[in-house]
Amino acid sequence: MRTVSLRPGEESIRLGQLLKLVDAVPTGAQVKDVLLTGTILVNGEPEDRRGRQVRRGDVVSIEGVEDVHVG
């Protein structure tokens with residue numbers, strides 16, 4: 001499992017930003033397409049909102065990519 005650390009003072013990161021950060025999608029324009037496939041889970045629940053706030057302790061599962069823990 002890969003860990004992505006938030007910057008000091010940050011409480012969350014948008015899911016779309018996280019997906020770009022971990023190279024799960026090559027461009028921001030493709031984030032919505034990936035989310036609509038239903039292959040993204042946040043804490044085991046399907047998620048299709050790129051603006052979803054992912055917080056410390058959350059785990060994002062991406063089909064075909066190593067799970068990401070937000071720390």
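Please read these numbers as outputs of a predicted model, since none were measured by experiment.
Checked against side-chain hydrogen bond (donor to acceptor under 3.5 Å, both in side chains), Gln17 has no partners two or more places apart in sequence or in another chain. Under the side-chain hydrogen bond (donor to acceptor under 3.5 Å, both in side chains) criterion, Arg7 pairs with Glu10, not counting sequence neighbours. Residues that satisfy the side-chain hydrogen bond (donor to acceptor under 3.5 Å, both in side chains) test with Thr37, not counting sequence neighbours, are Thr39.
Going from atom CE of Met1 over to atom OG of Ser61 covers 7.0 Å, rounded to the nearest 0.5 Å.
Here salt bridge (Lys or Arg N to Asp or Glu O under 4.0 Å) pairs that include residues 52-71, with residues two or more places apart or in two chains, are Glu47-Arg52. Sorted pairs that involve residues 19-43 and meet salt bridge (Lys or Arg N to Asp or Glu O under 4.0 Å), not counting sequence neighbours, are lacking altogether.
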For this session: For Arg14 and Gln53, run side-chain contact (heavy atoms from CB on, under 4.5 Å): C-alpha distance rounded to whole Å, both residues' side-chain angles, the deciding distance at 0.1 Å, then the answer.
Result: CA-CA 5 Å; Arg14 288 193 322 254; Gln53 296 294 315; 3.1 Å; yes

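Cluster note: Ile13 groups with Val4, Leu6, Leu15, Leu18, Leu19, Leu21, Val22, Val25, Val31, Val34, Leu35, Ile40, Val42, Val54, Val60, Ile62, Val65, Val68, Val70 through ILVMFWY side-chain heavy atoms spaced under 4.5 Å, whether in direct contact or through intervening members.
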